[in-house]
Amino acid sequence: MKYLLPLILPIFFISGCATHQSPTGRGQTLLFSANEINQMGDQSFEQIKTQEKISKDKATVAYVDCVANRITKVLPNKSIKWDVVVFESEQVNAFALPGGHIGVYTGLLKVAENADQLATVIGHEVAHVLANHSNEQVSRAQMTGMGMQLADAALGAGGVSNKDLYMAALGLGTQVGFILPYGREQESEADIMGVELMARAGFDPSQSMLLWKNMAKAGGGQGPELLSTHPSHSHRIDDLSQMQAQVMPLYMLSKGKIQNQCQNLK
Ligand SMILES: [Zn+2]
């Protein structure tokens with residue numbers, strides 16, 4: 001019997017952590033505390049800021065700040081102070097990290113044609129953080145990481161550090177060279193929550209469908225970087241279209257109260 005213990009204990013540990021529930025009622029395996037996951041977000045953000053070129057273009061920064069701030073203002077947890085950084089890069093990409101960090105690449109601004117479409121992406125990214133998807137992804141990386149490292153060593157590609165693994169898991173795959181895409185259910189959850197966030201922040205939710213159509217059309221060698229970590233699925237546009245009746249009233253309500261019209265800054 002005692003030989004079974006080492007096998008049983010990890011299973012208990014993992015299933016013990018699976019009692020968490022996502023906002024849509026899915027079971028989640030979360031191995032890290034909020035504090036730990038926020039620290040990973042803080043550290044990853046610091047690292048990216050040293051790797052990427054930070055935009056000094058005042059108009060662009062003001063525009064992105066305006067959209068992001070309106071989204072973060074409607075979040076339930078007011079204790080987190082979000083910072084927003086614009087990166088000068090052709091990448092069609094954006095991310096949000098635990099600990100309150102948002103990064104937007106200037107390449108995205110060519111695909112997101114207006115403030116409402118940019119709000120679609122930022123709302124979606126922030127929703128991943130709110131729904132603990134970052135924690136879920138990092139937990140998954142932790143559990144499968146050893147396997148990945150072994151496979152990597154077998155291919156002679158050199159070691160992958162835990163730090164790289166966490167970066168990739170936080171949706172920052174393009175920075176470390178390998179991708180851990182979000183799952184279909186996580187993507188749907190982020191779409192649903194994101195479109196509600198944008199409507200509450202006074203952005204037109206019908207633009208969300210156009211954004212994802214533009215994203216699918218966007219060219220470049222392998223397509224937009226954002227789609228490599230946020231795989232699109234065939235039902236995305238249908239799901240968003242079905243959401244419209246629910247979120248339109250929220251938009252109508254909030255639209256009249258919004259003073260800060262970001263679109264004028266573009
Ligand atoms: Zn996503």
Side-chain angles (χ1 to χ4, degrees), residues 22-24 26 28-30 37 40-41 44-45 48 64 67-68 71-72 75 82 84 87 91-105 107-109 111-112 116-141 166-176 178-199 201 203 205 207-218 220 222-243 247:
S22 79
T24 60
R26 220 167 26 85
Q28 286 182 312
T29 301
L30 306 177
I37 207 82
M40 276 179 220
S44 297
F45 199 59
I48 291 169
V64 173
V67 174
I71 295 279
T72 56
L75 299 181
W82 289 78
V84 184
F87 298 110
Q91 271 199 45
V92 178
N93 211 354
F95 60 83
L97 291 173
H101 312 282
I102 292 170
V104 172
Y105 293 79
L108 174 66
L109 304 178
V111 174
D116 305 284
Q117 291 187 21
L118 179 58
T120 303
V121 178
I122 295 176
H124 177 98
E125 294 299 328
V126 168
H128 275 303
V129 175
L130 288 192
N132 280 322
H133 293 169
S134 322
N135 197 336
E136 211 176 350
Q137 288 287 84
V138 175
S139 301
R140 197 182 116 207
Y166 296 148
M167 289 271 284
L170 289 170
L172 306 169
T174 48
Q175 273 77 19
V176 289
F178 61 93
I179 310 283
L180 276 182
Y182 285 106
R184 158 89 198 257
E185 287 163 321
Q186 293 171 321
E187 279 306 292
S188 291
E189 251 169 24
D191 282 342
I192 293 168
M193 291 170 70
V195 80
E196 184 179 329
L197 284 177
M198 75 183 285
F203 293 104
Q207 289 286 326
S208 63
M209 295 175 283
L210 290 173
L211 176 276
W212 291 109
K213 281 179 187 161
N214 287 344
M215 192 64 81
K217 269 192 296 187
Q222 291 141 356
E225 286 80 2
L226 189 110
L227 287 183
S228 61
T229 41
H230 303 264
S232 201
H233 51 83
S234 54
H235 296 291
R236 170 168 264 155
I237 307 282
D238 290 344
D239 291 353
L240 285 170
S241 149
Q242 279 178 20
M243 285 290 296
V247 293

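Counting starts at 1 for both ligands and their atoms, in listed order. When a residue number appears, it is its place in the shown sequence, counting from 1. Just so you know, these numbers use all the heavy atoms, side chains as well, and skip hydrogens, waters and symmetry mates.
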Open item on the list: If you round to 10 degrees, what value do you get for the angle at the Zn ion (ligand 1) between His128 atom NE2 and His124 atom NE2?
Closed with: 100°
Open item on the list: I'd like to know if the side chain of His128 pairs up with that of Gln186 as donor and acceptor (distance under 3.5 Å, no hydrogens or angles considered).
Closed with: no
Open item on the list: Assess, by modelled atom type and distance only, whether the side chains of Thr120 and Asp116 contain a donor and an acceptor separated by less than 3.5 Å.
Closed with: no
- [ ] Kindly give the atom name of the N, O or S atom of Glu187 closest to the Zn ion (ligand 1).
- [x] OE2
TODO: Would you mind naming the N, O or S atom of His230 nearest to the Zn ion (ligand 1)?
DONE: ND1
Open item on the list: Would you say the Zn ion (ligand 1) has His133 as a near neighbour, meaning an N/O/S atom of that residue under 2.8 Å away?
Closed with: no
Open item on the list: Is it the case that the side chain of Ser241 and the backbone of Ile237 share a donor-acceptor pair, with hydrogens and angles ignored and the cut-off at 3.5 Å?
Closed with: no
TODO: Please name the residue in the list Val111, Ile71, Val64, Leu211 that meets the side chain to side chain contact (heavy atoms under 4.5 Å, CB included) test with Leu118.
DONE: Val64
